[in-house]
There are 2 protein chains.
Amino acid sequence: MATRIVEPEAGPRSKRAAILAAAVDCFGETGFEATKWSTVAERVGIGQTALYHYFESKTHCLLTIMRLELQRSHDKFTEAAPDTAEPVEALRAAVRAAYDVSDHEVLQMRILQNHMDLLSGPRKSKREEAERVAARQLVQLVERDWTNLLVRGMSQGAFPLRDAQLLGASVLGLIVSVWRWYRPSGPTPLSEVSELIEGACVRMVAT
Amino acid sequence: MATRIVEPEAGPRSKRAAILAAAVDCFGETGFEATKWSTVAERVGIGQTALYHYFESKTHCLLTIMRLELQRSHDKFTEAAPDTAEPVEALRAAVRAAYDVSDHEVLQMRILQNHMDLLSGPRKSKREEAERVAARQLVQLVERDWTNLLVRGMSQGAFPLRDAQLLGASVLGLIVSVWRWYRPSGPTPLSEVSELIEGACVRMVAT
DNA sequence: GATCAACCTGAGCCAAGTTCAATTCAGTTA
DNA sequence: TAACTGAATTGAACTTGGCTCAGGTTGATC
C-alpha cells in the first residue's frame with residue numbers, strides 16, 4: 001500500500017533536477033499562481049514545451065516539489081528522533097531538526113504550506129493523482145511521527161495524558177506556521193525561532 | 001494612516017452581499033483557483049459579467065473576503081479580551097473567542113489562511129491594492145492584539161519574560177493552524193479543539 | 001553510420017478571466 | 001405620464017497563459 005513513488009532515474013542529459021530547482025525558486029519567491037510556467041523554462045534555458053517532457057503540467061511539478069519536501073521532512077524526523085530516545089529529548093531534537101534547513105529548503109517548506117489544500121481534492125490526470133496520493137500518505141506519516149512521539153511520552157509518564165492526535169496536529173501546526181512569515185533575509189535568525197518554538201513545544205506537551 | 005475601507009453602501013437591488021456569500025461558499029469548499037468565477041455568478045443568479053459591476057476581478061473579491069474576515073477577527077478579539085482583564089483569563093477568553101464561530105466563518109478563516117501569501121506582493125490594480133493594504137494592516141493589528149496581551153502579562157508578572165513578538169506570532173500561528181484541517185462535518189467537535197488549544201496556549205505562555 | 005530513445009521545438013488550440021458598448025430596470029423629476 | 005438618471009446587467013469579442021501535437025535533433029550503443 002505504501003507505494004513510494006519511483007524517482008525517474010536521471011538520464012545524463014536530463015534537466016529534471018534543474019527544472020525542480022528553478023521551480024522551487026520561482027514558486028517560493030513569486031508564488032505558484034503568479035509565476036508563469038514559461039518563466040521556469042526560460043530560467044532553465046529550454047523552450048516552454050520541453051517542460052512537458054518531464055512534467056505533465058505545472059501543477060504536477062508543484063505536487064512533486066511538495067512530495068519531495070514531505071519525504072525530506074519525514075526522513076529528517078526519523079533520523080533526529082529515533083523511537084528509542086528519551087521522550088523530552090526526542091521532542092527537543094525533532095523540533096531542532098525541523099528548523100535545521102537550508103534557504104532552499106525554506107522555500108520548499110513555504111511552497112508546501114501554501115498549497116496543502118491541493119492535497120484534499122482528487123486530480124484528473126494519472127501522474128498528478130499519483131503524486132497527490134503519495135503526498136497525502138506522507139502527510140499522514142509525518143503526523144504519525146509526531147503523535148507517536150507524544151503517545152510514547154505519555155505512556156512512559158514523561159508527558160501528561162492528553163488527546164495525542166489533536167496535540168500532535170497542534171504541535172506540527174505550530175512548527176510549520178513559521179514558514180508563512182519567516183524570511184532568511186528578515187530580522188529574526190532561524191536559530192532564535194528554533195529555540196523559542198522548542199521551549200514552547202516542551203511546555204505545551206510536557207507540562 | 002489607518003484607512004479603514006469604506007464599505008459601499010448597499011443599494012436595495014445590490015447583489016454584493018449575495019456575491020460575497022456565494023464566493024465564500026465556493027472558495028471555501030472548492031478552493032479559490034478551482035472555482036470558476038462564472039460558477040459564483042450562476043449561484044447568485046446573474047451573468048458572469050455582472051460580477052464586474054461589484055468587483056474589479058475574482059482576486060479583488062477574494063481580497064475583500066479576507067479583509068472582512070480579518071476585521072471580524074480583530075473586533076472579536078477586542079471584545080473578548082479587553083485590555084483591563086487579568087492576563088491569564090484574557091488569554092483564555094481570546095482563544096475561546098477565536099473558536100466561537102459559525103460554519104460560514106470557518107470557511108472564511110480557511111480562505112484567509114489559504115491565501116495569506118497574496119498579501120505579500122503588491123497588486124496591479126487600484127482597488128485590489130487598496131484591499132491588500134487594508135488587509136495587511138489588519139494582520140498587523142491582530143498580531144499586535146496578541147503581542148500586547150503577552151506584553152501586559154509579562155510586565156504584570158503573570159507570564160515569564162520572553163520575546164513577546166515571536167511568541168505572539170507563534171500563539172497566533174498555533175490557533176489558526178486549525179483551520180487548515182478542521183471540518184464542521186469531521187469527527188472532532190470544535191469545542192474539543194478549543195479546549196485543547198486553550199490549555200496549550202496557557203502552558204506555552206504562562207509556564 | 002544506422003538505430004533508437006531521450007530530448008526538444010514552433011505553431012497553434014483552448015479554457016477562463018476580463019473588457020466594452022449597448023440595454024434594461026427602478027426610482028426621480030417635470 | 002413622459003422624460004430622465006444612474007445602477008445593474010448582458011452578449012460578444014479579446015487576452016493570457018497553460019497545454020497539445022506533429023514532427024525534428026541529439027547522443028549513446030551496436
Side-chain angles (χ1 to χ4, degrees), chain A residues 6-23 26-27 29-65 111 115 118 121 123-129 131-132, chain B residues 6-23 26-27 30-65 111 115 118 121 123-132:
Chain A
V6 288
E7 223 58 48
E9 75 288 7
R13 285 197 291 157
S14 173
K15 302 230 167 73
R16 204 182 114 101
I19 292 171
L20 282 170
C26 291
F27 296 170
E29 275 150 29
T30 317
F32 174 71
E33 310 296 341
T35 67
K36 292 186 236 184
W37 200 203
S38 60
T39 303
V40 176
E42 259 177 47
R43 193 172 292 204
V44 175
I46 58 180
Q48 26 182 340
T49 51
L51 294 170
Y52 293 90
H53 181 69
Y54 300 96
F55 297 101
E56 204 169 0
S57 65
K58 192 186 173 191
T59 304
H60 179 222
C61 178
L62 172 63
L63 286 166
T64 303
I65 291 172
I111 295 169
H115 298 94
L118 257 188
R123 302 261 98 205
K124 300 200 169 160
S125 84
K126 266 294 168 58
R127 296 168 70 196
E128 278 185 21
E129 180 64 6
E131 289 287 6
R132 187 188 73 89
Chain B
V6 289
E7 222 60 46
E9 75 287 8
R13 290 196 289 154
S14 172
K15 301 229 169 75
R16 205 183 113 101
I19 292 171
L20 281 170
C26 290
F27 296 170
T30 317
F32 174 71
E33 310 297 340
T35 66
K36 291 186 237 185
W37 200 204
S38 61
T39 303
V40 176
E42 258 178 48
R43 194 172 292 204
V44 175
I46 56 180
Q48 23 181 346
T49 51
L51 294 170
Y52 293 90
H53 181 69
Y54 302 96
F55 298 101
E56 202 169 355
S57 64
K58 192 185 173 192
T59 306
H60 179 222
C61 177
L62 173 62
L63 286 166
T64 303
I65 291 171
I111 294 169
H115 297 94
L118 258 188
R123 302 261 96 206
K124 301 200 170 162
S125 85
K126 266 291 168 61
R127 296 168 70 196
E128 277 185 21
E129 179 65 5
E131 288 288 5
R132 187 188 73 88

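All values below were derived from every heavy atom in this structure, side-chain atoms included, with hydrogens, water molecules and symmetry-related copies excluded. Every chain is numbered from 1, with letters handed out A, B, ... down the list of sequences.
Here A/Thr59 lies out of heavy-atom contact (under 4.0 Å) with every strand. Across all strands, B/Thr39 comes closer than 4.0 Å to no nucleic acid atom at all (heavy-atom distances). In this structure, B/Tyr54 reaches the sugar-phosphate backbone alone: every heavy-atom distance under 4.0 Å involves primed, P, OP1 or OP2 atoms, never a base.
If you take CZ of A/Phe27 and C1' of D/dG18, they are 12 Å apart, rounded to a whole angstrom. Per the geometry, OH belonging to A/Tyr52 stands 18 Å off P belonging to C/dG12, to the nearest Å. One interatomic measurement links the two molecules: CZ of A/Phe32 to C1' of D/dG18, which rounds to 10 Å at whole-angstrom precision. Distance NZ (A/Lys124) to P (C/dC14): 16 Å, rounded to an integer number of Å. Between B/Leu51 atom CG and D/dA7 atom P the separation is 18 Å, expressed in whole Å. In this structure, the CH2 atom of A/Trp37 is 8 Å from the P atom of D/dC19, given to the nearest Å. Rounded to whole Å, the distance from NE2 on A/His53 to P on D/dC21 is 17 Å. Distance B/Gln48 CD to C/dA15 P: 14 Å, rounded to the nearest Å.
B/Arg123 is listed as a side-chain neighbour of B/Leu118, based on a closest heavy-atom distance under 4.5 Å.
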Side chain to side chain contact (heavy atoms under 4.5 Å, CB included) assessment of A/Phe55 paired with A/Leu20: CA-CA 10 Å; A/Phe55 297 101; A/Leu20 282 170; 3.6 Å; yes
Let's go through B/Ile46 and B/Ile19 carefully: what are the C-alpha distance in whole Å and the side-chain angles of both, what is the deciding distance for side chain to side chain contact (heavy atoms under 4.5 Å, CB included) to 0.1 Å, and is it a yes or a no? CA-CA 10 Å; B/Ile46 56 180; B/Ile19 292 171; 4.2 Å; yes
B/Thr59 vs B/Trp37, side chain to side chain contact (heavy atoms under 4.5 Å, CB included): CA-CA, chis, key distance, verdict: CA-CA 10 Å; B/Thr59 306; B/Trp37 200 204; over 6 Å; no
Determine whether A/Thr35 and A/Glu29 satisfy the following criterion, side chain to side chain contact (heavy atoms under 4.5 Å, CB included), listing intermediate values before the conclusion. CA-CA 9 Å; A/Thr35 67; A/Glu29 275 150 29; over 6 Å; no
B/S/- along nucleotides 11-16 of chain D (protein heavy atoms under 4.0 Å) is BB----
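Across B/Ala23 and B/Val40, no two heavy atoms sit closer than the pair N-CG1, 4.1 Å.
Atom NZ of A/Lys58 sits about 12.0 Å away from atom CD of A/Gln48, to the nearest 0.5 Å.
With distances taken from any side-chain atom of B/Ala50 to the nucleotides C/dG17, D/dT9, C/dT9, the minimum falls on D/dT9. When the nucleotides C/dC8, D/dC19, C/dT18 are ranked by their closest atom to the side chain of A/Lys15, C/dC8 comes out on top. Among the nucleotides C/dG17, C/dC7, D/dT20, the one closest to any side-chain atom of B/Lys58 is C/dG17. For B/Ile46, counting side-chain heavy atoms from C-beta on, the closest listed nucleotide (D/dT20, C/dT18, D/dT10) is D/dT10.
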